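Scroll down for the structure; my scribbles are underneath it.
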Amino acid sequence: MGLHYLMVNDMRVDLLQGTLDMLILKALSWSSMHGYGISSWLEQMTNSSLVVEEGSLYPALHRMAKRGWVKAEWGVSENNRRAKYYTLTALGRKQLLAEAAAWDRFTSVIGQVMTAQPAG
């Protein structure tokens, strides 16, 4: 399995378990995309800070398709090449909402810890 990571100031940081799925679901909430389009969208939205390797992206897409969160259909890309396009399903939208809420709770709790001041 490939690693998925975030590049911050040229430092590689592993993503938390499940984070990649949430990011892919978010990308697909905008429109149907092929794998390279998803990767490019994520990179664009993060000012090239987020790099998703193919070895992580495609297994995640296949896993989400098995769970019914996305559906895949063959189509023709902007380059006139055959490409598999992924579309968010109703179940995928529900999953995205659940994961986004959990992410908000998680980052809030971590923020509380990181901004805590020593007693006294």
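Here the structure is a predicted model, which is why all the values come from computation and not from measurement.
A distance of 11.0 Å separates CE in M33 from CG in L61, rounded to the nearest 0.5 Å. Taken from CG in L42 to CD1 in I24, the straight-line distance is 7.0 Å, to the nearest 0.5 Å.
The shortest non-hydrogen separation linking P59 to G55 is CG-O, 3.2 Å. Closest of all the heavy-atom pairs between T46 and L50 is OG1-N, 3.0 Å. Among all heavy-atom pairs drawn from L28 and Y86, the shortest one is CD2-O, 3.3 Å.
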Run the side-chain donor-acceptor check on residues 87-97: report pairs under 3.5 Å with partners two or more places apart or on a different chain.
unit_1: T87; atom_1: OG1; unit_2: S32; atom_2: OG; d: 2.6
unit_1: T89; atom_1: OG1; unit_2: G68; atom_2: O; d: 2.5
unit_1: T89; atom_1: OG1; unit_2: W69; atom_2: O; d: 3.0
unit_1: T89; atom_1: OG1; unit_2: L91; atom_2: N; d: 3.4
unit_1: T89; atom_1: OG1; unit_2: G92; atom_2: N; d: 3.0
unit_1: Q95; atom_1: NE2; unit_2: E99; atom_2: OE2; d: 2.7

Would you be so kind as to tabulate the donor-acceptor pairs closer than 3.5 Å made by side chains of residues 106-120, with sequence neighbours excluded?
unit_1: T107; atom_1: OG1; unit_2: W103; atom_2: O; d: 3.1
unit_1: T107; atom_1: OG1; unit_2: D104; atom_2: O; d: 3.2
unit_1: T115; atom_1: OG1; unit_2: G111; atom_2: O; d: 2.8
unit_1: Q117; atom_1: NE2; unit_2: T115; atom_2: O; d: 3.3

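Sorted by first and then second residue, the ring-ring contact (aromatic ring centres under 6.0 Å, His included) pairs involving residues 43-63 (not counting sequence neighbours) form an empty list. Counting only residues at least two apart or in different chains, side-chain hydrogen bond (donor to acceptor under 3.5 Å, both in side chains) contacts with residues 74-84 comprise H34-E78. The list of salt bridge (charged side-chain N to carboxylate O under 4.0 Å, His left out) pairs with a residue in residues 32-44, not counting sequence neighbours, is empty. Listed by first and then second residue, the salt bridge (charged side-chain N to carboxylate O under 4.0 Å, His left out) pairs that reach into residues 21-32 are D21-R63, D21-R67, sequence neighbours excluded.
Residues M22 and T19 have side chains in contact (heavy-atom distance under 4.5 Å, counting atoms from C-beta outward).
Hydrophobic clustering (ILVMFWY, side-chain heavy atoms < 4.5 Å, transitive): Y36 and W30 are in distinct clusters. The hydrophobic cluster containing W41 also contains L20, counting ILVMFWY residues as joined when their side-chain heavy atoms lie under 4.5 angstrom apart, directly or transitively.
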Between L25 and V70, does the side chain to side chain contact (heavy atoms under 4.5 Å, CB included) criterion hold? Intermediate values first, please. CA-CA 8 Å; L25 292 171; V70 300; 4.2 Å; yes
